[in-house]
Novice: 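To start, I am sharing the structure in question, which I have written as structure tokens.
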Amino acid sequence: MKILAIESSCDETAAAVVEDGRKVLSNSVATQIKEHIVYGGVVPEIASRMHAEAICPVVEKALDDAGVTFGGIDAIGVTYAPGLIGALLVGVNYAKGLSLSTGLPLIPVHHLRSHIASNYITSPALEPPFLCLVVSGGHSHIVEVKDYTRFSVIGLTRDDAAGECMDKAARALGLDYPGGVNLDRVSTDGNPDAFKFPRPKVDGSDYDFSFSGLKTAAVNLIHNASQKGETLDTADFGASYINAVTNCLCENTVKAAKDYGYKRIVLAGGVSANSRLREKMKEICLQNKWELFMPELKYCGDNAAMVGSQAYYEYLSGNVASLSLNAYATMPIDEQRN
Ligand code: KG4
Ligand code: ZN
């Protein structure tokens, strides 16, 4: 079964053709980094406009690269939640138009579910159940993936997401958007113990995260240093900060894996590209003799191949939308609204 998938939840307009959930026939992405870089972050109104401009050529390129026309496509998958509402609406309405004109079924895909599915592309042998740490710009979740379309959230952030936390510190350090990637790059040779950061604890849960205190501590340190005319060693600062964030992510994931009895751990989301997080998780899983799965770097960030993968499993479980499908800025991963 060949699915044409569309993704427009944030700042990448993407389309892909994926066969049977695992085989990527094409993966076309138009990034908006250049448009948002001057503002230091994503400007929602600009994102929506750029999606509207890019969606036709991106979809055409995905079909061309896969060597198919609509006659060779079996269904259309689209990200419908969560994300920037104006941005999501571009993809959802375009997909609805395609579904109406071609008669192909329309499959609604939750953005975080698709991030998890990026692992099905990278690791063809991977099947649920497993425990997944989903870390993106807007979300930090520890999720039980019971089946391809059954999820149970064990832990989540009470305030900022891990990606947001990386981006804000990077921006205070004067690094360009997208901050997390650049922070990772400049910290490679830094000393992770050079700076001490608070270890946030969350009342009432061993699995939830809280990153806002860590983020404020970092921003204050940077601003205080600049007010005193001191220069911080960016590599050491970045490495220490990433170390603090990834320690929280890893500790809670390990606790959840032990308490819930999971020996198969999966990473997903934009922050899963972080080199320190990947290394730390590798060590932990080696020590505990757990299996570890991580998306290939090109599938960590937003892309439509992962949407095509998850759409296949949504379709198999009967999740097909009508043309009244809407987009939603927020939606829990275990919810479905057609
Ligand atoms: O999943 P994603 O592409 O978009 C959302 O769904 O939010 O995640 C984007 C987030 C951004 O905060 C970005 O800075 C972060 O992922 N990110 C990274 C790295 N690559 C992307 N954070 C740390 N290290 C990286 N290498
Ligand atoms: Zn994402």
Side-chain angles (χ1 to χ4, degrees), residues 5-14 27 29-33 36-37 40-42 44 47 79-85 87-88 91 109-119 132-141 143 156-157 160-173 175-188 190 192 211 214-215 218 235 238-250 267-281 294-307 309-310 329-331 333:
I6 294 172
E7 152 65 36
S8 69
S9 67
C10 189
D11 57 348
E12 323 274 3
T13 318
N27 187 28
V29 184
T31 181
Q32 303 177 359
I33 288 179
H36 299 293
I37 201 164
V42 180
T79 310
Y80 76 125
L84 300 173
I85 192 66
L88 285 166
V109 179
H110 189 286
H111 185 59
L112 297 186
R113 293 187 185 193
S114 69
H115 269 301
I116 295 170
S118 63
N119 286 281
C132 188
L133 173 68
V134 193
V135 269
S136 70
H139 300 88
S140 306
H141 281 33
V143 185
L156 74 175
T157 181
D160 297 320
E164 144 86 11
C165 193
M166 301 276 192
D167 292 342
K168 283 287 148 59
R171 191 171 165 173
L173 277 174
L175 300 173
D176 273 344
Y177 158 83
V181 191
N182 291 322
L183 192 67
D184 191 5
R185 188 176 43 77
V186 300
S187 314
T188 324
F211 289 118
L214 206 52
K215 182 184 81 177
S240 305
Y241 182 68
I242 291 174
N243 193 39
V245 175
T246 52
N247 277 346
C248 299
L249 294 172
C250 291
L267 298 187
V271 182
S272 70
N274 184 264
S275 49
R276 208 165 284 266
L277 178 62
R278 291 172 87 93
E279 275 314 306
K280 206 171 280 190
M281 272 296 183
M294 302 184 282
E296 206 180 318
L297 286 180
K298 68 174 174 184
Y299 295 125
C300 288
D302 294 344
N303 65 86
M306 66 187 193
V307 181
S309 175
Q310 182 62 23
T330 59
M331 186 188 292
I333 192 170

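Only this structure's heavy atoms are used, side chains among them; waters, hydrogens and symmetry mates stay out. Remember, it's 1-based here, ligands and their atoms both numbered in the order they're listed.
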Novice: Which residue, E7, R113, H110, forms the side-chain hydrogen bond (donor to acceptor under 3.5 Å, both in side chains) with T79?
Specialist: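 Between T79 and the candidates, side-chain hydrogen bond (donor to acceptor under 3.5 Å, both in side chains) is satisfied uniquely by E7.
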Novice: Run the numbers for me: atoms of ligand 1, each under 4.0 Å from some heavy atom of G138, listed by number.
Specialist: 7 (O)
Novice: So, taking the atom named CG in L249 and the one named CE in M281, what distance separates them when rounded to the nearest 0.5 Å?
Specialist: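 Reported to 0.5 Å precision, the distance equals 7.5 Å.
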Novice: For residues H111 and S136, determine if any side-chain heavy atom of one lies less than 4.5 Å from a side-chain heavy atom of the other.
Specialist: no
Novice: Among all protein heavy atoms, pick the one closest to atom 15 (C) of ligand 1 and tell me residue, atom and distance.
Specialist: V271 CG2, 3.9 Å
Novice: Measure across A161 and G137 and return the closest heavy-atom pair with its distance rounded to 0.1 Å.
Specialist: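 Smallest heavy-atom distance, with atoms named: CB-O, 3.5 Å.
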Novice: With backbone taken as N, CA, C and O and side chain as the heavy atoms from C-beta onward, which portion of N274 lies under 4.0 Å from ligand 1: side chain, backbone, both, or neither?
Specialist: both
Novice: From the N, O or S atoms in D302, identify the one nearest to the Zn ion (ligand 2).
Specialist: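 Looking only at N, O and S atoms of D302, the one nearest the Zn ion (ligand 2) is named OD1.
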Novice: Heavy atom of P178 under 4.0 Å from ligand 1?
Specialist: no
Novice: What heavy-atom pair brings A162 and V271 nearest, and what distance separates the two atoms?
Specialist: C-CG2, 4.3 Å
Novice: Side-chain contact, heavy-atom cut-off 4.5 Å: V135 with L277?
Specialist: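 The answer is yes; the side chains approach within 4.5 Å.
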Novice: Below 4.0 Å, non-hydrogen atoms only: which portion of D184 touches ligand 1? Side chain, backbone, both or neither.
Specialist: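 The side chain, only.
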Novice: Of all the atoms in ligand 1, which lie at a distance below 4.0 Å from a heavy atom belonging to G301?
Specialist: 3 (O)
Novice: Using a strict 4.0 Å cut-off to heavy atoms of G137, name the atoms of ligand 1 that fall inside it.
Specialist: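 Ligand 1 atoms under the 4.0 Å threshold to G137: 5 (C), 7 (O), 8 (O), 9 (C), 10 (C), 12 (O).
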Novice: Distance from L214 atom CG to C165 atom SG, nearest 0.5 Å?
Specialist: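 Here the interatomic distance stands at 5.0 Å.
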Novice: Do any of the N, O or S atoms of H115 sit under 2.8 Å from the Zn ion (ligand 2)?
Specialist: yes
Novice: Please identify which atoms of ligand 1 are closer than 4.0 Å to at least one heavy atom of G180.
Specialist: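 Near G180, the atoms of ligand 1 are 14 (O), 18 (C), 19 (C), 22 (N), 23 (C), 24 (N), 25 (C).
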Novice: For residues A305 and N27, report the shortest heavy-atom separation together with the two atoms involved.
Specialist: N-OD1, 3.6 Å
Novice: Does even one non-hydrogen atom of H111 get within less than 4.0 Å of ligand 1?
Specialist: yes
Novice: Check whether any N, O or S atom of H111 sits under 2.8 Å from the Zn ion (ligand 2).
Specialist: yes
Novice: What's the separation between atom OG in S272 and atom CD1 in I116, rounded to the nearest 0.5 Å?
Specialist: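 It is 11.0 Å, given to the nearest 0.5 Å.
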Novice: Say you draw a straight line from OG1 of T13 to CD1 of I6; how long is it, rounded to the nearest 0.5 Å?
Specialist: 10.5 Å
Novice: Tell me: protein heavy atom nearest atom 2 (P) of ligand 1, and distance?
Specialist: D302 OD1, 3.5 Å
Novice: How about H115 and D302: do any of their side-chain heavy atoms sit closer than 4.5 Å?
Specialist: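 In short, these two side chains touch, coming nearer than 4.5 Å.
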Novice: Which atoms of ligand 1 are found less than 4.0 Å from any heavy atom of G270?
Specialist: 1 (O), 2 (P), 3 (O), 8 (O), 16 (O), 17 (N), 18 (C), 19 (C), 20 (N), 21 (C)
Novice: Only heavy atoms of G163, strictly under 4.0 Å: list the atoms of ligand 1 that pass.
Specialist: 12 (O)
Novice: Name the closest protein heavy atom to atom 11 (C) of ligand 1, giving the residue it belongs to and the distance to 0.1 Å.
Specialist: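 Ranked first by proximity to atom 11 (C) of ligand 1 is D167 OD2, 3.5 Å.
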Novice: Show me which atoms of ligand 1 lie under 4.0 Å from any heavy atom of H115.
Specialist: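 Those atoms are 1 (O), 6 (O).
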